[in-house]
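Below is one structure, written out as structure tokens; comments come after it.
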Amino acid sequence: MLLVGLAVTTAAWYAARSHERERAVVAFDRATEHVQGSIVRRMQDYERILRGARGVMASSDSDSVTPDAWRAYVAGLKLRDNYPGVATIGFVQRVTDNNRTEHFPVEYLEPGSGQVPASDMYSEPRLRAAMEEARDGGRSTLSGKVSTSLFMFCPLYAARLPHRTVTDRRQTTRGFVYAELYVNDLLGDLLRDRPAGIEVAVYEDEGMRPESQLYGGGGGSPEDSARFSRVLKLAVTGRSWTLKIGTQPEFEASVRGAAPRLVILGGVAINLLLFAFLEIAERKRSRRELADRRKTEEENQTLAALVENSTEYVAMATLEGISLYLNPAGRALIGADREDDVIGKPIADLIHEDELQTLRESLTSVHTAGSWSGETSFRHVKTGRPIRCEMTVFLVKWPHTGQPICLACVARDISERKSAENALRESESRFRQMAAGIQEAFWLLNVDTHDFLYISPAFESIWGRPCASLYAAPSEWLEAIHPEERHRFGPASIASRTRDESYEEYRIVRPDGAVRFIRERAFPIRNEEGRVHRIAAIAEDITERRRLEAELSQSQKMEAIGTLAGGIAHDFNNILGAIIGYTELALMDATGNSVLTKNLKAIGVATQRAASLVGQILAFSRRQEPERRRIHLEDVVSEALDLLRASLPASIQIRTTFDPAAPAVLVDPTQVHQVVMNLGTNAWQAMTEGGVLEVSIGPFDVDVDTAKMRVDLSAGRYALLSFRDTGQGMDRATLDRMFEPFFTTKAQGQGTGLGLSTVHGIMKNHEGAISVYSHPGEGTTFHLYFPALNSGMVDADGGARSAPHGEGQRILFVDDEEPLAQWGRQALERLGYRVTSYTDVFEALAALSDRPTDFDVVITDLTMPSMNGTRFAELVHASHPAIPIILTTGYSAALTSQDLCQFGICELVLKPNTIQGLGEAVHGVLTTRQAA
Amino acid sequence: MTRILLVDDDESFRPMLHATLERCGYEVVTAMNGKEALARYGQQEVDLVITDLIMPDKEGLETIVELRRQAPGVKIIAMSGGGRNNPRAYLHMAKQFGAVGVLPKPFSTQELLDAINVALA
């Protein structure tokens, strides 16, 4: 460092010196220019004086310029003050003698104290040379040195004569204005303020001979050994002088600065200081290093202790992957009892075979990126089982060079965490699957923030809104509640939910406008401190239940009304019968009394009306099985419409569209007739201003998906009977109640309110369904679905699965309806019986007669046109007393089976036939016979 | 004179029909239920039985069956005002069990006379 400092100091000194020399050169050049310029300017000044004087002379001829005038002019120049070195200024006039020889005597000369030159300056060769040169050149010329003076001549030519050429000039020369210059005074004055240490010598020629020296400086000529010297030519008023300028030590001393010395001194001082400083710093550093080393050692020991006692796996390995170190926790993790189990072995031995690829990738990453983090599995040394861990591997490098030294690894056992994560994931998956499968919606609400923490998937299907919308905007829950009930869910409601378990039933409005009934159970959940911080709720869509309840309620109502009606109808009919009877008796006695007769007849009419009303009440309340027959709806509907048409005003048109593809149905024609009459009457009454009633019949198939949406329709084929009118239509409130018994929108006395209830009951009895579409002002459409024959007669599950099976017993099946006979045969064959079916009673009797032992059971319908079933049974029983007979009938059993046994009828099966019913009946009678 | 056994438990209807039948020239024997009717039938000769179906103490259908068992040729007209079930169903059943005619209540005197004529024909 010191050497460097000294080298720098030396370089600085050298630079300072160079700089100093450059400054000296510049100063010398400046001095040289100053001297040179001074001389030239002074000579130019002198020329101007002479030209001025010449001007004086030229402005008039020489006769008019008097010595006084000349004196005054020269005095005005103040030569001593302004032009030091000028001794005198004079004028010499040209005179030509008789010999034509020119002479130039001094005409004027001022100041007079100057040296009087020769009377004829022309006679002095040097002066002559200068004068001739001036004359010929037409310019001022300086002479050579004459004694101690120099003379400067300025020619004066005759005015108004040409003097361009030398000849002209020679001829026209009047004289010369001249100045005598004391050389020493002149140059001494000029060079007085030259820089110190600059010596100047002026010579008249280039040879610089001593005799040609005009001026020799203060102490002689500049030494040739001067540090700086220069010789240069100087053109001075026609003469060529030589200047020699040189420096003396004084000049060099003047330009020599203290910088180099200062640099040297300063540099040395700085270096010494620096050395001292460095020395002190070095000592401090050494002390500090020692302290750091001690501290590092302490830290190392602490770190070593930390690693040794760490609960995490800490290991080190060579760059090639050979284990160097494994802390006790690491050994414990992998089940290595001793260090020898690990140290010196490849780290791949510690990794489970399934993770070797990961190990390779991790090492590659470490060498390229410096570190790697991820999950891997160690291998238990003894059992080989995998141990799942989070691991970080990194390169350990030299701090100064960055050279890798070894690999380090830190790992943590995450087996339990993984296991817990898997368990949690599975639990969540199970929960979500369960939640997805549960039809009720449930949610968890944060009491403090009113945010939903969880909403089950069922919310979406019930509320018709995505769960995400409720997470985003919890207020949507309240907005979904029916406007008429929202007021029940204010702050008080929420407060009550935080206290105890609560139940609420309310309506919601789905985005599609549908209204659903919700039953909700909410209960508070407390945290560890016992504060209620969550509300859990389970919500059930009870719309269907409500509907069924309403239906059941209505059904029960109708049942009650039916019971009531049925109960009073019998008595009413008797009462009415008595009134009618007595009235007729009275009429018999009232002949001849027209008033009495008329009044009695009025009683009769009124009583008939009462009887008709009772009939209507009974008609809708009856729970009988309809008297079904296989028909095409078109037949009955056409007949009913003909009847209806007769009672309709002309403003009502009836249009029919009957599709021949409509299937046959098994219905009670009378009831269908009633349906047509009731709906036709309703339509007529809705079209007060006239209109069109369209009645259509066609096939209709209900698929599985449609059946799912309609509780009253099963999948299958139907005959669809539709009534569409152009009447006033019905509003929602009317539609909701239209099938209620006694509900009517008509004025009192214009309807019993039973018409549509009756239609509804009839459709239900026929296992059919009814749909209504109406809007105020847009008319009304009724769709009535009658199950097609053979489509609704087999049980949904076939019935055969649960009905008892036979073992090939033989059955004679009799029903005058061909489809029913076919169905009965197929149904019983499915149950494992052998069946022979007949639609003709006499053929059946003949078969029995021909093959008396061929049948084990006879099944017969009751209502048959050629012979009723009981008669047939009597005949069969008479001829084959051992064969049990089963009677199928649509009428509710007014008799017990016991009573029917007198006809040989052992069992009564109510229609509509089902496989289950038939199967059980057959099995029953066969079992009884076997027991007997 | 044709004797008619009238069986009906209704206290308004039975007297009315009794009076009407007599007014129409028939001899009438009455019973208030089937049990009584069977007893009455055994006591005297009866040409025609007109019976209601829904009665206490042996209803009309049973009565019909019993009467026909006792006297297979007995002529019976069944009548009914209905009840829980359609009177036509009852009346139809009555025909199945041997009634020769049926009269749904209420009926007119003319309907009654027509049924009697058909039954006795």
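Naming: A, B, ... by sequence-line order, numbering from 1 per chain. What you see is a predicted model, and the numbers here were worked out from it, not measured in a lab.
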Exercise for review: Hey, could you give me the SG/CE distance between B/Cys24 and A/Met588, rounded to the nearest 0.5 Å?
Suggested key: 4.5 Å
Exercise for review: Check whether more than 12 heavy atoms from other residues, nucleotides or ligands sit under 6.0 Å from atom CD of B/Glu45, and answer yes or no.
Suggested key: no
Study note, to complete from the structure: Heavy-atom nearest pair, B/Ser12 first then A/Ala578, reads O-CB, 3.7 Å
Practice item. Would you sort out whether B/Asp8 and A/Asn574 count as a side chain to side chain contact (heavy atoms under 4.5 Å, CB included), showing the intermediate values? Key: CA-CA 10 Å; B/Asp8 197 319; A/Asn574 278 323; 4.2 Å; yes
Check your understanding: Closest heavy-atom contact between A/Leu585 and B/Met16?
Key -> CD1-O, 4.1 Å
Check your understanding: What part of A/Ile580 is in contact with chain B, defined as an atom under 4.5 angstrom from a non-hydrogen atom: side chain, backbone, both or neither?
Key -> side chain
Review point. For A/Glu639, does the CD atom have more than 12 heavy-atom neighbours from other residues, nucleotides or ligands under 6.0 Å away?
Key: no
